[in-house]
Amino acid sequence: MISRYAGISPKGDLILLGRLGEKLKGKSFLHVNSTKEGGGVAEILHRMVPIMADLGVDVRWETIEGDEFFFDITKRIHNALQGNQETITKSMWQHHFEVNRKNAETMTLDADMVLIHDPQPAPLIKFKKSGRWVWRCHIDVSNPVKEISTPLFRYCGKFDAAVFSVARFAKAIGIDEFIIPPAIDPLSEKNIELPDHEVRDILHQFNIPSDRPIILQVSRFDRFKDPIGVIEAFRIVRKYNDCILVLVGSPATDDPEGELVLQEVREHAASDEDIHVLLLPPFSDLHINAFQRAATVVLQKSLKEGFGLTVSEAMWKGKPVIGGAVGGIPLQIIHSVTGFLVHTVEGAAFRIRQLLNNPEMAKRMGEQGREHVRKHFLITRQVRDYLSLWYAIENGLNGQRGFFI
Ligand code: UDP
């Protein structure tokens, strides 16, 4: 399986991966998160787990189960970590813990290395029996609400180490901290090459014209992704340039707010025939791939963003990307080289027009973007980093801020 990445991923990553695989063969690695469908974490795990298995690691992926109240609480925690004022009462924290306790009763938590993704399963640390436990934070914690991050970080501080996507997110929680940005799989259905006719067929299925420039944003319907801002930017652009807007999203089982935000977006788009708001079922990877390939300009106008896999996905397809200058997006978008970083609706509109009016520039940025992703944001680099981290921890090396790309 790893050999399939030869000629795509940087050779040095593949060599190191092979060596680490030899060292860690037969040892057990457990990932725990809160959903198999929707959002970046599930996307990453679906691709990363088989690669680790192929390297000889005894890898498992478990998902905690919770009721509606639990996911309401954890979405509030998520929103507060990204800076929104939220209230989590004592009984809510208790419920968060209780759901984890119940999950711990039925899960096999024994492994040489346990990677707990995000706050939902963080209290599982209380049920650790053996192995090394690492908390993996995928959220933009650049400016969290302290009343909520402090109690959460009390759990996180009990882990052996923490991993963040961006150096600026690292927090003083008293344990080793490592920086590992996420990555995309060039061989997944979402990212493989597609022939033009297949792209056109898929557009046709969704009644999207293929003869007009397409502005695209692919995201869960979440206010931090600023879908309303995208519509407003599009409306400015359309006064001057012919184009259509496609907003694509799908539900995530651990995100109860999606439906409400989708409704807001639909209302805002009103009956504008040039705005296509599509709710796709989970695992519509080929469709997403086709939309990204069909786009003239891709947006990820987030207001907060842990990393934003959609940025690398579009760059890998040779698209210029306009992204909010937040969280993990500036790691991917080198301003004026692989795309543009923006702070406002007007800024986004200005950059969209610049790209629509300069196809040569758009093409050049797309090419540079693809190479940037090839070097830094392919899944082989990510697995390399996780295995290196594991090896480092097992061998008693201190992390501090261990891995920078
Ligand atoms: N995604 C998808 N269908 C959708 C919307 C998003 O498959 O309708 C995927 C998207 O392609 C990306 C992931 O979900 O791979 C979202 O990851 P990202 O890091 O961009 O954001 P998150 O949802 O984790 O905040």
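Note that the structure is predicted; figures quoted are calculated from it, not measured. Counting convention: from 1, in listed order, for ligands and their atoms alike.
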Checklist entry - Do the rings of Y155 and F97 sit parallel, tilted or perpendicular, given the 30° and 60° boundaries? => result parallel

Checklist entry - If you measure from CG on L81 to CZ on R76, what distance do you get to the nearest 0.5 Å? => result 14.0 Å

Next on the checklist: Counting only heavy atoms and a distance below 4.0 Å, can you name the residues contacting ligand 1?
Outcome noted: G39, G40, E43, K190, V218, S219, R220, K225, V248, G249, S250, I288, E305, G308, L309, T310, E313

Checklist entry - Can K75 and D222 be counted as an ion pair, charged N to O under 4.0 angstrom? => result yes

Checklist entry - With under 30° as parallel and over 60° as perpendicular, where do the rings of H138 and H117 fit, or are they tilted in between? => result parallel

Item to check | Criterion side-chain hydrogen bond (donor to acceptor under 3.5 Å, both in side chains) on T338 and Q332, from CA distance to verdict | outcome: CA-CA 8 Å; T338 66; Q332 302 171 77; over 6 Å; no

Checklist entry - How are the rings of F224 and H78 set relative to one another: parallel (under 30°), tilted (30 to 60°) or perpendicular (over 60°)? => result tilted

